[in-house]
Amino acid sequence: MTEAPTLPQIVDTHTHLDDSAFDADRESVIEASRAAGVWHFINIGYAPDRWESSRRLRDQHPDIDLAIGLHPQLAARFDSALVRELKRTIADLAPVAVGEIGFDFSRTAPSADEQHRAFRGQLEIAATAGLPTIIHQREASDALIAEFDNWPNLAPVVLHSFDGTQRLADWARERGCFVGIGGLATRRSSQPLRELLVRIPVDRLLLETDSPYLAPPDAATRRNTPASLPRIAAALGPLWNLSGEDLCRLTSRNASLLFGLPRVK
Ligand SMILES: [Zn+2]
């Protein structure tokens, strides 16, 4: 396959390509994403059945990297049997991060206690493995900061699809967290979010789609795919006085350094 040399070089740092939304045409979605310049993907396995579907995806595509963890909305499932399975899966699949983990207080369940237990248990696993963490956070900025203050020596932290308070943005900048940006920030209603994002330095930004979720407002369908990243980058680059292509290149380099990806093209 010959590639046009001017294609942007993009890492999609948060995808769910194993999702059933892609069962009918997964291979063509991946191919179209590569044709749009997305040369590397991090697929997030967020529940035991998703660890298995992520494994199958990686068997098909050895160059897709994985993150493995238990989503905070599933925290009630966190018990010693799950810990054993999670540790075994991490040893087996060699993911580049533990995630997505964190706090989601936008619903009443699981309880805050259950979420704390699952989050702490997985931070412990990440600390032991020396792996970065990919964090899902909703309506839990202060709880997240309080928990991380107990863990000063963790490997780098990624705040995925950042959507938090000014305090969280400032804390993230001070701690040197990486911040995932994608379709959410391109919405017309996201002006307050964009005002927080400009506080994050460009060497801490990562591009992500969260496919099949969070389609940008100009998308043809509600199903998001990694191929939307060049348009997302073109929309968000000006926040940092960057062209879309420069934002792609910089975030690609950030992702490669953070996750130890094989190369920056
Ligand atoms: Zn996700």
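Just so it is clear, the values below take in all heavy atoms, side chains as well, and ignore hydrogens, waters and symmetry mates.
Across all their heavy atoms, Leu205 and Thr251 have their closest contact at O-CG2, 3.5 Å. Closest approach of Ala75 and Ala118 over heavy atoms only: CB-CB, 3.7 Å. Nearest heavy-atom pair across Ile200 and Trp240 is O-NE1, 2.9 Å. Across all non-hydrogen atoms, the minimal contact from Ala47 to Leu74 is CB-CD1, 3.5 Å. Heavy-atom minimum distance, Pro226 versus Ser211: N-OG, 3.3 Å. In terms of heavy-atom proximity, Pro95 sits nearest to Leu131 at O-CD2, 3.5 Å.
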What's the verdict on side-chain contact (heavy atoms from CB on, under 4.5 Å) for Val158 and Thr133, showing C-alpha distance, side-chain angles and the deciding distance? CA-CA 6 Å; Val158 178; Thr133 46; over 6 Å; no
Apply side-chain hydrogen bond (donor to acceptor under 3.5 Å, both in side chains) to residues His40 and Asp12 and explain how you reach the verdict. CA-CA 6 Å; His40 205 90; Asp12 190 340; over 6 Å; no
Does Val11 form a side-chain contact (heavy atoms from CB on, under 4.5 Å) with Val38? I'd like the steps, not just the answer. CA-CA 6 Å; Val11 180; Val38 185; over 6 Å; no
Run the numbers on Phe178 and Thr13 for side-chain contact (heavy atoms from CB on, under 4.5 Å), then give the verdict. CA-CA 11 Å; Phe178 288 82; Thr13 60; over 6 Å; no
Intermediate values then yes/no, side-chain contact (heavy atoms from CB on, under 4.5 Å), Val198 and Leu196: CA-CA 6 Å; Val198 297; Leu196 294 183; over 6 Å; no
Please step through salt bridge (Lys or Arg N to Asp or Glu O under 4.0 Å) for the pair Asp104 and Arg107, ending with a clear verdict. CA-CA 7 Å; Asp104 190 329; Arg107 307 171 187 203; 5.1 Å; no
Which is it for Asp79 and Arg117 under the salt bridge (Lys or Arg N to Asp or Glu O under 4.0 Å) test, yes or no, and what are the steps along the way? CA-CA 9 Å; Asp79 61 12; Arg117 206 165 141 259; over 6 Å; no
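Looking only at side-chain heavy atoms (C-beta outward), Gln122 and Arg120 stay at 4.5 Å or farther from each other. Residues Glu245 and Arg249 form a side-chain contact, since some pair of their non-hydrogen atoms from C-beta on lies under 4.5 Å apart. Residues Ile125 and Lys87 have side chains in contact (heavy-atom distance under 4.5 Å, counting atoms from C-beta outward). Residues Asp63 and Trp39 are not in side-chain contact: their nearest non-hydrogen atoms beyond the backbone lie 4.5 Å or more apart. The side-chain heavy atoms of Leu66 and Val96, taken from C-beta on, include no pair separated by under 4.5 Å. A heavy-atom distance below 4.5 Å is not found between the side chains of Leu159 and Gln137.
For the atom pair CD1 (Ile68) and OG (Ser54), the distance works out to 5.0 Å, reported to the nearest 0.5 Å. Once rounded to the nearest 0.5 Å, the distance linking SG of Cys248 with CD of Gln9 reads 9.0 Å. One distance of note links CG of Leu193 with OG of Ser161; it measures 8.0 Å at 0.5 Å rounding. One distance of note links CG of Leu17 with CD of Gln60; it measures 12.5 Å at 0.5 Å rounding. The CD1 atom of Ile42 sits 6.0 Å away from the CD1 atom of Ile134 when rounded to the nearest 0.5 Å. Atoms CD and CG, on Glu208 and Leu214 in that order, are 8.0 Å from each other to the nearest 0.5 Å.
A donor-acceptor pair is defined here as one N or O able to donate and one able to accept, closer than 3.5 Å; no such pair exists between the side chain of Ser106 and the backbone of Arg138. Under the 3.5 Å distance criterion, the side-chain polar atoms of Arg222 are left unmatched by any main-chain donor or acceptor of Ala215. At distances below 3.5 Å, at least one donor-acceptor pair connects side-chain atoms of Asn254 with backbone N or O atoms of Val202. Using a distance-only test at 3.5 Å, with no hydrogens or angles considered, no donor-acceptor pair links the side chain of Ser20 to the main chain of Asp23. In terms of modelled atom types and a separation under 3.5 Å, the side chain of Ser53 and the main chain of Asp49 share a donor-acceptor contact.
A salt bridge between Asp19 and Arg50 is present, with a side-chain N of the basic residue lying under 4.0 Å from a carboxylate O of the acidic one. Under a 4.0 Å N-O distance rule, the pair Asp18/Arg56 does not qualify as a salt bridge.
A side-chain hydrogen bond (donor to acceptor under 3.5 Å, both in side chains) with His16 is found for one member of Asn224, Asp210, Asn43 and no other, namely Asp210.
Remark: aromatic rings of Phe119 and Phe148 are close, center separation under 6.0 Å. Ring pair His116/Phe103: centre-to-centre distance below 6.0 Å. In this structure, the ring of Tyr46 has its center no less than 6.0 angstrom from the ring center of Trp51.
A search for side chain to side chain contact (heavy atoms under 4.5 Å, CB included) contacts involving Asp92 returns Arg55, not counting sequence neighbours.
At a threshold of 4.5 Å between side-chain heavy atoms, the hydrophobic network of Ile, Leu, Val, Met, Phe, Trp and Tyr places Leu206 and Ile44 in one connected group. Hydrophobic clustering keeps Leu197 apart from Leu258 (ILVMFWY residues linked when any side-chain heavy atoms are closer than 4.5 Å, directly or through intermediates).
Pairs engaging residues 166-187 under the salt bridge (charged side-chain N to carboxylate O under 4.0 Å, His left out) rule: Asp142-Arg167, Asp170-Arg173, Asp170-Arg199 [sequence neighbours left out].
Using a 30° and 60° split on the angle between ring planes, His160 and His14 fall in the parallel class, below 30°.
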